[in-house]
> 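This is the structure I have questions about; it appears just below.
Being a predicted model, the structure only gives us computed values, none of them experimental. Every chain is numbered from 1 and lettered A, B, ... according to where its sequence line falls, protein lines coming before strand lines.
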Protein chains: 2
Amino acid sequence: MDEKISEAVVRRLPKYYRYLSDLDALGVERISSSAMSKGMSLNASQIRRDLNCFGGFGQQGYGYSVKSLKQEIMHILGIDKAYHVVIIGSGNIGQALAFYKNFALEGYIIKAIFDVDSNRIGKKINNIEVLSMNDLETYLKTENIHIGILATPKGAAQDVADILIKGGVTGIWNFAPIDVKVPDNAYVENVHLSDGLYVLSYYMQRGRF
Amino acid sequence: MDEKISEAVVRRLPKYYRYLSDLDALGVERISSSAMSKGMSLNASQIRRDLNCFGGFGQQGYGYSVKSLKQEIMHILGIDKAYHVVIIGSGNIGQALAFYKNFALEGYIIKAIFDVDSNRIGKKINNIEVLSMNDLETYLKTENIHIGILATPKGAAQDVADILIKGGVTGIWNFAPIDVKVPDNAYVENVHLSDGLYVLSYYMQRGRF
DNA sequence: AACCAATTGTTAAAAACTTATCAGGATTGC
DNA sequence: GCAATCCTGATAAGTTTTTAACAATTGGTT
């Protein structure tokens, strides 16, 4: 429970969370690792091992309590609290994210959108103000922002990331098709949407084997 | 060169492709695995090993030709040809994807959008027709569609996927927050956008170690 | 109250993946 | 045209990740 947690494990946590949420919504109260295994197409040993990285949440002969395991994972992921977010870039992706209702519901509160396009500045998107990129640096001095969402063209992404980090942002969710780099005290999640489409094309052509 | 290619390797290919495209755009003609290694923060051995899965593209004492290696990877990924695509769901994500210019440029041609909302049916999004979900099955009989993009609510995703597969679609790019299942002769790429946000939250809270 | 079945947490084994090493061939500079 | 250098492809070693196995513990049942 004290060793370094591998990224592979961390990346499975959201999947557990999703699965447990579904079970909970269906009113299921308890679940065993082997039942989860079937439902999620994961190995049961792996599930027990993964969960055990963070504590012994299960009980022999019984399994896991859906509700409390879900709660534990929310806490481990850190999604049981509120984050202040800014979106940079109000193009296709920026807008789609601004309109996405679940973020607000899950505690990711979008405080402002920034753009360079003077036609957009001053307008509102889903009731969120669009401000000028020129004001970003100043804005970050007065507002306490945790997460910046990068939805800029790739040429601007790293520069904007640097401004965000300098302004105290510690998490960057990057949708620009470039690997943004951040210092060790911050973290970036590079999305690279089209990579998935390329992988899809690969398997469509070659098959899975 | 004949063994099974691991998914880990396949998922690095788009990254190589992106990097080589950038080099090519800068006019760089040749590159060694160790130079790539520095530029991409990957191990040089790994790069040589990865590329060697598909053929001996390099030359001792010289390295790799940027242009031809890029071309090879495009071919391996299968992104050097055209795909016919439909988008299911014209909500935030569906619209954003419909407007995304690069898809068309890269040969992913969006032929139609389907939705259940009668207010949207008959309209056009970025000059692409929005058709009724009821007509999807018939549509697939006459049109040869390769890829279906799922941008529906999660409750509808699996059902729509089934219709798509039945209609001859072999690739599904799924943005609904559920793991869509497809038969062995088809392939699905589940995106799960918010998973990345959760992982980001995890590392913001716990740090990387 | 005692047994049986279920299920975890843990340890061990297997598989997959990454990194290091190096012989051999190609290129470049002189 | 020769030597020194560079760099790949291949093999070997090391590391991480996944899967299997099982003792120990709990809950339900008779």
> Under 4.0 Å from any atom of DNA chain C, heavy atoms only: list the residues of residues 8-34 of chain B that qualify, in numerical order.
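Within residues 8-34 of chain B, the residues near DNA chain C are B:Arg12, B:Arg30.
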> If you compare all heavy atoms of A:Leu164 against all heavy atoms of A:Leu140, which two are closest, and at what distance to 0.1 Å?
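Result for this residue pair: CA-CD1, 3.9 Å.
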> Could you go through A:His192 and A:Asp179, starting from their C-alpha distance and side-chain angles, then the distance that decides it, and tell me whether this counts as side chain to side chain donor-acceptor pair (under 3.5 Å)?
CA-CA 8 Å; A:His192 300 321; A:Asp179 283 332; 2.6 Å; yes
> May I ask you to check whether B:Tyr16 and B:Tyr19 place their ring centres under 6.0 Å from each other?
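Ring centroids of B:Tyr19 and B:Tyr16 are no less than 6.0 Å from each other.
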> Salt-bridged, A:Arg11 to A:Glu189, with N to O below 4.0 Å?
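Yes, A:Arg11 and A:Glu189 are salt-bridged.
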> Taking only heavy atoms on the protein side, list every residue of residues 57-67 of chain B lying under 4.0 Å from any atom of DNA chain C, sorted numerically.
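The stretch gives B:Gln59, B:Gln60, B:Gly61, B:Tyr62 as the residues lying under 4.0 Å from the strand, ordered by number.
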> Can you check ring-ring contact (aromatic ring centres under 6.0 Å, His included) on A:Trp173 and B:Tyr198, steps first, answer last?
CA-CA 10 Å; A:Trp173 200 20; B:Tyr198 298 157; 9.1 Å; no
> Regarding B:Glu143 and B:Lys111, does a basic nitrogen lie under 4.0 Å from an acidic carboxylate oxygen?
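Salt bridge absent between B:Glu143 and B:Lys111.
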> Could you pull out all residues at least two apart from A:Asp135 that satisfy side chain to side chain donor-acceptor pair (under 3.5 Å)?
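By the side chain to side chain donor-acceptor pair (under 3.5 Å) rule, A:Asp135 matches no residue at all.
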> Taking only heavy atoms on the protein side, list every residue of residues 39-50 of chain A lying under 4.0 Å from any atom of DNA chain C, sorted numerically.
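Of all residues in residues 39-50 of chain A, the ones placing a heavy atom under 4.0 Å from DNA chain C are A:Arg48, A:Arg49.
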> Between B:Phe114 and B:Tyr139, is the ring-ring contact (aromatic ring centres under 6.0 Å, His included) condition met? List the steps.
CA-CA 10 Å; B:Phe114 290 84; B:Tyr139 179 90; 5.1 Å; yes
> Estimate the overall bend of the helix from C:dA1-D:dT30 to C:dC30-D:dG1 from the end axes over five pairs each, rounded to 10 degrees.
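That helix gives 20° between its end axes.
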> What heavy-atom pair brings B:Gly148 and B:Val169 nearest, and what distance separates the two atoms?
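Minimum heavy-atom contact is N-CG1, 3.6 Å.
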> So, for A:Ile76 and A:Leu13, which heavy atoms are closest and what is the spacing to 0.1 Å?
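Heavy atoms of A:Ile76 and A:Leu13 come nearest at CG2-CD1, 3.8 Å.
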> Taking all non-hydrogen atoms of both residues, which atom of B:Gly78 and which atom of A:Gln205 are closest, and how far apart?
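Result for this residue pair: CA-OE1, 3.2 Å.
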> When you measure from the side chain of B:Ser37 to the backbone of B:Leu42, do you find a donor-acceptor pair of N or O atoms at a distance under 3.5 Å?
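Answer holds: yes.
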> Is the Lys NZ or Arg CZ of B:Arg30 less than 6.0 Å from the centre of B:Tyr64's six-membered ring, within 45° of the axis?
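Relative to the ring axis of B:Tyr64, which defines the angle, B:Arg30 lies outside at least one limit.
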> Backbone N or O of A:Ile178 within a donor-acceptor pair of the A:Asn174 side chain at under 3.5 Å?
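Yes, the answer is positive, given that a donor and an acceptor are paired below the 3.5 Å cut-off.
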> Reading DNA chain C in the 5' to 3' direction, which nucleotide is the first one with an atom under 4.0 Å from a heavy atom of chain A, and which is the last?
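The contact span of chain A on DNA chain C goes from C:dA6 to C:dA12.
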> Can you give me the closest heavy-atom contact between B:Leu150 and B:Val180, atom names plus distance?
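In this case the closest contact between B:Leu150 and B:Val180 is CD1-CG2, 4.0 Å.
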